[in-house]
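This report concerns only the one structure given below.
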There are 2 protein chains.
Amino acid sequence: MMGGDHKHLTTLPAVANFLAYRQDAILILVGTPEISSQVQHAISDAYQERWHWVEATQEVHMEESPQAALKNKKDSSMRRAIEQVRDGHALAAVSAGNTGALMAVARFILKTLPGIDRPAIAKMMPTLQNHYCCVLDLGANVESTPEQLCQFAMMGSALYACVFQRERPRIGLLNVGTEPIKGTEISKKTHEQLSQLNTDGFHFIGNVEGNDLFSGKADVIVCDGFAGNIALKASEGAAKYIAHSLHATFKHNFFYQILGIFAYPVLRHFKKAVDPRKYNGASFLGLRGTVIKSHGSADSLAFFYALEQAYQEAIHQVIPYIEQKLHSTPLPPTVNSTASQVE
Amino acid sequence: MMGGDHKHLTTLPAVANFLAYRQDAILILVGTPEISSQVQHAISDAYQERWHWVEATQEVHMEESPQAALKNKKDSSMRRAIEQVRDGHALAAVSAGNTGALMAVARFILKTLPGIDRPAIAKMMPTLQNHYCCVLDLGANVESTPEQLCQFAMMGSALYACVFQRERPRIGLLNVGTEPIKGTEISKKTHEQLSQLNTDGFHFIGNVEGNDLFSGKADVIVCDGFAGNIALKASEGAAKYIAHSLHATFKHNFFYQILGIFAYPVLRHFKKAVDPRKYNGASFLGLRGTVIKSHGSADSLAFFYALEQAYQEAIHQVIPYIEQKLHSTPLPPTVNSTASQVE
């Protein structure tokens, strides 16, 4: 309840709406004592059977270092929430807090799955083909070895297959061209290793390019966290620029403003259709439990969608599915991991 | 005249329009004999003093390797055009042809500027602040050393200062966070070296993120060709997705279609305002001459803008300005260049 720029002012209304929306969901709300009475008042009595309160005495601040959060905040709301997953009380933890601290605490408490070196951050993006594309890693690691990128591919594919009930999702490797010889040494090696993994349950389609994040050519796109983070943020920047230009055009002169009144219902519909809040909620993949990260600046609608992402992963039993896939598909063994981690 | 998907069918109308638009421009048109009579007929007699025809017997195909183009196509239109620059007959060469071949031939014929290891591809992007942002490298090199990234920063800054008459353009380093400790080892080292270059003529503002390609926070953004290429293409993908969604919303139902008729003049204006063809024309920076690359799929309007980019760089004497800047600002010496080149 304590994460994000506006803490419970954001998370609380989202929780109240989510309880109404998903009648089979039970929420464990973790927060500091100061907000407990507000939580009590904000949630309808009708749902009192479907939520519990877990108290924590500390909270991790947005600018705190992962190391400090791990060492000094042993009773933080973030840590208590993740412990609920470890202890089997919750199927997923959701937080809008400090990304680096959340990743560090989640790794420490939950540990990585067998065969996985490092977790990755995955997100579903909308595409021109009316289906999602799962992109990972979006910034958990700045550099990754080919072996780690294969692990990401496997996990992304399992997540996609599980949530969308789609067999053999098409996996693409993000690169600067489609030919296998394109890119860095790591790109070329990863292409080679992914090609060798191609089996009944694994479908590598080769290199894809930046625009394929939205083209629908692949269901899963694998990249290192550096390229992924930059691609995601550049897309957000482009989207904002276009939205700004559209708005400015309708304000361009008085006549256009009048026409804007006519077009208003369509523009409202459009705004809703491309609302980035609907895609809030990134998955930390590779842990022995589901952890969903909401954007820190999320409002309550965006946080609602992060809860929904957690719900989807919980009901589709993503973690056991990934474990089974990791067990049945032999991944290339990790040589020596020199790749570094950011968050 | 021979480059791009539709060759002279695209370049010829662009040339005819450009001659009418820039009355002080003289164009040297390079092509194979088959098209010479078509060129003659397509250009108004009024401009006959302002264009010359240079014949080449070969053309470089889009799928040809740079090595093959260099070795086997010594009389290609591409090579002849670049030779016009080398020999002082032209102030710039423009081509919509094979990017890799164009870069290889340009490096071979023109050579790099003193102090520059490798050329970079630079492009002007529109921003929320109504000024451009020059982004480089966009794919000439897949990996770059900190020293090479400093060279790119210097050249991008000089190009920006020269074309927009702006002193001390703000230079940002593309990264996954704004703190100096973010990113890869190369990011951190580059941050350090760029900070040390900060002088009267050089203005490094620190790390920027993907969304800053469009935010206007920086005038010049430096990155390696891998991240730059992915950022650019992801932005194009996002823009296309949003345009598609807007179009689909106005077709959503009959009522919206009617409202779309009312909004038509505004939407047409908007489409023009964000038309990506206006930003066609990437600069190969770091050569002893101006070479502009048009998108291969450019239509004649887009190719017109590539000609305009060449015109701007020529009249603002970008090359002598970059040379002077390289001379007056001591760049960090290149240690050993292990970075590889793609195109």
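To find a chain, count down the sequence lines: A is the first, B the second, and so on, and within it residues start at 1.
Taking CD1 of I181(A) as the start and OG of S65(B) as the end, the distance is 9.5 Å to the nearest 0.5 Å. Here N141(A) contributes atom CG and T184(B) contributes atom OG1; the two are 13.0 Å apart, rounded to the nearest 0.5 Å. Note that OG of S215(A) and NE2 of H244(B) are 12.0 Å apart. Values are rounded to the nearest 0.5 Å.
Only the backbone of T127(B) comes within contact range of chain A, with at least one heavy atom under 4.5 Å from a heavy atom of that chain. Interface remark: S245(A) contributes backbone and side-chain atoms alike to the contact with chain B (heavy atom separation under 4.5 Å).
For A263(B) against F250(A), the heavy-atom pair with the smallest separation is CB-CZ, 4.4 Å. Of all non-hydrogen atoms in A234(B) and A231(A), the two that sit nearest each other are CB-O, 3.7 Å.
Y256(A) places a side-chain heavy atom less than 4.5 Å from the side chain of H269(B). At least one side-chain heavy atom of F226(B) sits under 4.5 Å from a side-chain heavy atom of N175(A). Looking only at side-chain heavy atoms (C-beta outward), Y241(B) and L213(A) stay at 4.5 Å or farther from each other. You'll find the side chain of I230(B) stays beyond 4.5 Å of the side chain of I230(A), heavy atoms only. Between I242(B) and F270(A) the shortest side-chain heavy-atom distance falls below 4.5 Å.
Residue H247(B) qualifies as open at atom NE2: its count of foreign heavy atoms under 6.0 Å is 12 or below. Within a 6.0 Å radius of NE2 in H191(B), other residues, nucleotides and ligands contribute more than 12 heavy atoms. Counting heavy-atom neighbours within 6.0 Å of K271(A) NZ, excluding the residue itself, gives a total of 12 or less. Within a 6.0 Å sphere centred on OH of Y132(A), heavy atoms belonging to other residues, nucleotides or ligands number 12 at most.
The candidate from A248(A), P265(A), G225(A) with the greatest count of non-hydrogen atom pairs under 4.5 Å with chain B is P265(A). Across L128(B), V266(B), L267(B), T249(B), the residue that shares the most heavy-atom pairs under 4.5 angstrom with chain A is V266(B). Ranked by heavy-atom pairs under 4.5 Å with chain B, the list V274(A), L246(A), D212(A) is led by L246(A). Ranked by non-hydrogen atom pairs under 4.5 Å with chain A, the options E236(B), K240(B), H252(B) are led by H252(B).
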